[in-house]
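Keep in mind that the numbers below use all heavy atoms, side chains included, and drop hydrogens, waters and symmetry copies. Order of the sequence lines sets the chain letters (A, B, ...), proteins ahead of strands, with each chain counted from 1. Fair warning: this is a prediction, and the values are worked out from it, not measured in the lab.
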There are 2 protein chains.
Amino acid sequence: MAVRKSAANPGNSAGVTERPLVTVDVAIFTVRDDSLQVLLVHRPSVAGEPYPGRPALPGGFVDIRRDTTLHDCALRKLKEKTGLAAPYLEQLGSWGGAKRDPRGWSATHAWFALVPPPADDEVDPAPAEAEWVDAEAALSRRLAFDHNEILAAALARLRAKVEYTSLPAFLLAEPFTLPQLQRIYEVVLGRELDKSAFRKRMLDADFLRETGAVSGASGRAAQGYRIADRSAPVYFPRPFKSGEQLA
Amino acid sequence: MAVRKSAANPGNSAGVTERPLVTVDVAIFTVRDDSLQVLLVHRPSVAGEPYPGRPALPGGFVDIRRDTTLHDCALRKLKEKTGLAAPYLEQLGSWGGAKRDPRGWSATHAWFALVPPPADDEVDPAPAEAEWVDAEAALSRRLAFDHNEILAAALARLRAKVEYTSLPAFLLAEPFTLPQLQRIYEVVLGRELDKSAFRKRMLDADFLRETGAVSGASGRAAQGYRIADRSAPVYFPRPFKSGEQLA
DNA sequence: TCAATAGTGTCTATTAGACAATATACT
DNA sequence: AGTATATTGTCTAATAGACACTATTGA
């Protein structure tokens with residue numbers, strides 16, 4: 001019994017015959033200047049490289065000598081492009097097929113990452129070939145491969161999760177204040193939120209820990225917070241009231 | 001500008017040097033006899049095949065000659081194992097690394113599928129090598145590869161989505177009734193739901209279309225429904241009241 | 001003391017769930 | 001009629017959001 005299966009893969013029991021290309025791509029988001037931005041690189045203008053000069057999500061081939069797991073590989077791409085080591089990183093999905101890369105059947109593992117914006121006083125550690133682009137503007141460009149589709153999926157995932165999780169907190173450097181966090185939510189959601197309801201929601205979710213007071217440019221100083229557990233966001237019991245909800 | 005990247009992949013610009021193995025696995029769920037079940041196959045007991053005789057999720061190598069996309073490949077695996085062509089199929093995630101397959105660095109694309117149970121009067125189209133196993137029982141077995149981890153993730157995803165989407169409707173053959181649908185929710189959630197609240201929720205979500213009346217073994221006949229749009233589940237404005245919610 | 005921002009209090013419309021009542025099918 | 005199930009109605013507790021108010025900082 002249970003031998004029939006091998007007949008479905010004649011002469012290919014170890015998948016050696018023809019293997020797809022395997023890559024990892026990362027959609028890295030931050031919020032700067034009240035705008036949701038994504039990191040784009042430019043494809044090399046070199047013979048044999050597809051989509052020369054086109055903007056693309058950072059990524060590349062899995063290196064089976066260096067990368068122990070897919071997650072490792074995504075972390076490596078992230079570090080190469082942003083210098084950041086421990087931000088929020090989540091799998092987005094995979095895109096694979098015969099046509100998406102002119103070099104052959106390829107499958108990419110897409111991730112999405114949230115990072116705090118580079119502080120004004122420090123140099124942006126992103127390499128010169130990379131640039132932060134407003135997310136909507138990036139979507140309206142013609143990106144390499146099927147990266148428009150991947151970026152659209154990443155944006156959709158982010159916007160969906162912002163409605164009912166603490167994800168946007170990963171877009172801020174610690175310590176941050178509740179008004180700062182609210183601003184981030186508003187930027188990603190594209191609409192304003194009520195201050196009182198927002199605070200109740202965040203504090204009731206119990207994912208923040210108080211640090212010292214933080215004074216801004218003017219006005220009353222605010223309570224500083226850090227994320228209690230950076231391994232995952234928390235889920236709110238209900239989403240924010242969506243504008244499109246029926247009356 | 002923008003040429004630096006190739007230095008990160010010396011002599012590997014087309015990823016030809018060493019490519020990972022690429023597979024697709026599918027966690028196929030159904031509800032039978034008030035139990036959430038998953039379809040398992042047995043690994044072939046053949047020289048060179050890893051994990052001989054072990055239970056595993058259905059899956060196998062991507063065939064770049066037959067499969068146009070990853071989605072195609074998942075559909076093919078599904079059809080081979082269940083005979084079903086158009087159920088609910090969603091990407092779950094990917095697992096890849098040097099150690100998960102003794103044959104070499106491999107990456108699998110995991111999907112999860114929901115199918116209605118085979119009708120009592122028809123023969124189960126699943127091949128003899130496959131068997132339906134209660135999901136919890138399957139998890140407690142030692143599955144091939146990292147399939148315990150994948151199955152656990154699939155179960156977690158399913159149970160999470162049941163709280164706030166119409167997903168379980170894809171576990172029923174059409175037409176189905178609201179009491180039948182409620183039973184499915186209860187089986188997957190592992191707790192009972194209030195009849196009135198359940199109906200309001202389902203009907204307000206407006207994803208069902210009435211068909212004729214359906215009579216059961218006894219008692220009043222029920223309204224039959226079908227899913228209005230099978231391409232995706234709908235999201236409820238709030239999750240079910242979770243038992244663990246604070247008072 | 002004023003401007004600016006942070007933080008709190010109160011009220012209300014909405015609604016999910018509890019539970020009771022009613023409707024319909026079959027014997 | 002009686003039993004079993006489907007369907008509807010009513011009530012209530014919980015709460016998200018609206019909005020007004022108070023608190024604290026620095027100039």
Applying salt bridge (Lys or Arg N to Asp or Glu O under 4.0 Å), can you list everything that pairs with [X], at least two apart in sequence or on another chain?
| X | result |
| --- | --- |
| B/Arg238 | none |
| A/Arg159 | A/Glu136 |
| A/Asp34 | A/Arg183 |

Handout entry: Partners passing side chain to side chain donor-acceptor pair (under 3.5 Å) against A/Asp204 (at least two apart in sequence or in another chain)
Key = none
Show me the donor-acceptor pairs within less than 3.5 Å that the side chains of residues 209-216 of chain B make with the rest of the protein, sequence neighbours left out.
| from | atom 1 | to | atom 2 | distance (Å) |
| --- | --- | --- | --- | --- |
| B/Arg209 | NH1 | B/Asp206 | OD1 | 3.3 |
| B/Thr211 | OG1 | B/Gly224 | O | 3.3 |

Separation of [N] [atom2] from [X] [atom1] (nearest whole Å):
| X | N | atom1 | atom2 | value |
| --- | --- | --- | --- | --- |
| B/Gln182 | C/dG17 | CD | C1' | 12 Å |
| B/Asp194 | C/dA21 | CG | P | 15 Å |
| A/Arg183 | C/dT5 | CZ | P | 12 Å |

Exercise answer: donor-acceptor pairs, residues 170-180 of chain A side-chain atoms, under 3.5 Å, sequence neighbours excluded:
| from | atom 1 | to | atom 2 | distance (Å) |
| --- | --- | --- | --- | --- |
| A/Glu174 | OE2 | A/Ile227 | N | 2.7 |
| A/Glu174 | OE2 | A/Arg230 | NH1 | 3.1 |
| A/Thr177 | OG1 | A/Gln180 | N | 3.2 |
| A/Gln180 | OE1 | A/Thr177 | N | 3.0 |

Practice task
Using a strict cut-off of less than 4.0 Å between a Lys/Arg side-chain nitrogen and an Asp/Glu carboxylate oxygen, indicate whether A/Glu163 and A/Arg201 qualify as a salt bridge.
Solution key: no
Practice task
Give the B/S/- string for nucleotides 20-27 of chain D, one per nucleotide from 5' to 3', where a protein heavy atom under 4.0 Å of the base yields B, of only the sugar-phosphate yields S, and otherwise -.
Solution key: ---BBB--
Completion exercise
Residues in residues 197-213 of chain A with a heavy atom under 4.0 Å of DNA chain D, by number, are A/Ala197, A/Lys200, A/Arg201
Donor-acceptor list for residues 139-154 of chain A side chains, cut-off 3.5 Å, not counting sequence neighbours:
| from | atom 1 | to | atom 2 | distance (Å) |
| --- | --- | --- | --- | --- |
| A/Ser140 | OG | A/Ala137 | O | 2.8 |
| A/Asp146 | OD1 | A/Arg100 | NE | 3.2 |
| A/Asp146 | OD1 | A/Arg100 | NH2 | 2.9 |
| A/Asp146 | OD2 | A/Arg100 | NE | 2.8 |
| A/His147 | ND1 | A/Leu57 | N | 3.0 |
| A/His147 | NE2 | A/Asp25 | OD2 | 3.3 |
| A/Asn148 | OD1 | A/Leu143 | N | 2.9 |
| A/Asn148 | ND2 | A/Leu139 | O | 3.0 |
| A/Asn148 | ND2 | A/Arg141 | O | 2.8 |
| A/Glu149 | OE2 | A/Trp95 | NE1 | 3.1 |

